[in-house]
Amino acid sequence: MIKARVTVTLKNGVLDPQGKAIEHALDGLGFSGVGQVRQGKVFDIVLETSDRAEAEAELKAMAEKLLANMVIEDFTVEVL
Amino acid sequence: MKAAVILLPGLNRDRDMIAALTKISGQAPQTIWQTETSIDDDIDLIVIPGGFSYGDYLRCGAIAARMPVMRAVREKAEKGTRVIGVCNGFQILLETGLLPGALMRNASLKFVCREVNLEVANSGTAFTQGYSQGQIIRCPVAHHDGNYFTDPDTLASLEANRQVAFRYTPDTNPNGSLNNIAGIVNTAGNVLGMMPHPENLIEAAHGGSDGRALFESALGLVDA
């Protein structure tokens with residue numbers, strides 16, 4: 001079995017109102033050194049295969065087909 | 001023309017849509033559950049209503065867009081059948097790739113439920129020919145993720161091809177959409193997606209009937 005993590009984040013240049021709100025909230029809590037916050041999603045996925053290359057290809061396909069919206073998001077795949 | 005309404009778990013504007021189509025066409029639309037894999041040949045108009053399909057899990061419309069019925073909708077759309085997606089229905093059409101772009105969280109981060117003014121940006125589409133070019137109509141909106149976004153090239157081609165069917169008037173843009181976009185059509189002109197709810201403004205009891213001409217147009221009830 002392979003454990004993997006797919007991280008989906010907004011593309012550069014795409015406005016992230018939620019990230020902005022979190023940024024302001026952090027500032028309100030006294031964390032004054034925050035330059036920018038971008039919010040994303042993390043998917044922890046367990047695959048039955050033990051073939052690393054096969055897992056990576058499969059995870060990439062999953063991200064492109066469903067986990068990320070390629071219009072506004074990018075993703076990274078990490079086999080843990 | 002015969003209409004059908006797509007049903008998915010979590011949609012909640014389906015009854016309003018069925019009522020509007022029934023009142024305007026004089027015939028109850030067929031209803032099609034998400035697991036259906038084909039849509040009858042005699043259906044001329046497919047409508048995907050609003051709501052919160054699959055609880056908006058992952059992204060609004062993302063799970064619904066991968067259900068079997070949406071493959072059937074795509075096949076019909078590619079053959080020229082008219083398709084309307086309202087609110088969550090618009091989000092689903094974007095997630096299937098039948099329309100370009102994405103709908104992001106409202107710029108205010110708030111759920112917005114109010115009436116807006118829409119400009120008919122192109123009265124030459126199959127869905128807007130019952131309006132005049134530049135006409136301002138009233139329409140209710142109710143959404144949290146209606147902030148239309150796309151890359152600059154796609155935006156330029158949408159504008160160049162006159163694919164923007166409806167725009168919010170600048171003073172009533174409820175969500176921060178690029179170019180005040182409220183509704184767009186595909187390049188072939190047979191698929192419309194829009195955030196506002198025309199089905200909720202079709203008779204005096206609603207306080208107005210500005211939404212009626214959209215369905216009359218789509219159902220072929222107005223002279224082109």
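Chain naming here is simple, since letters A, B, ... match the order of the sequence lines and numbering starts at 1 in each. Values below: all heavy atoms of this structure, side chains included; hydrogens, waters and symmetry mates excluded.
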Within 6.0 Å of OH in Y57(B), more than 12 heavy atoms from elsewhere: no

D41(B), CG atom: more than 12 neighbouring heavy atoms under 6.0 Å: no

Contacting moiety of A102(B), where chain A heavy atoms sit under 4.5 Å: both

Distance (rounded to the nearest 0.5 Å) between L94(B) CG and N69(A) CG: 8.5 Å

Heavy atoms from other residues, nucleotides or ligands near CG of N12(A) exceed 12 (cutoff 6.0 Å): no

Toward chain B, the part of V8(A) with a non-hydrogen atom under 4.5 Å: neither

Engaged part of K20(A) at the chain B interface, taking heavy atoms whose separation is under 4.5 Å: neither

Flag, side chain of R59(B) to backbone of L67(A), donor-acceptor distance under 3.5 Å: yes

Minimum-distance pair of heavy atoms, taken over all atoms of P17(A) and A107(B): CB-O, 4.1 Å

Structural part of L58(B) lying under 4.5 Å from a heavy atom of chain A: both

More than 12 heavy atoms of other groups within 6.0 Å of K41(A) NZ: yes

Side chains of M104(B) and I72(A) in contact at under 4.5 Å (non-hydrogen atoms): yes

CD (Q36(A)) with more than 12 external heavy atoms under 6.0 Å: yes

Which atoms of R66(B) approach chain A - backbone, side chain, both or neither, heavy atom under 4.5 Å: side chain

Part of L10(A) lying under 4.5 Å from any heavy atom of chain B: side chain

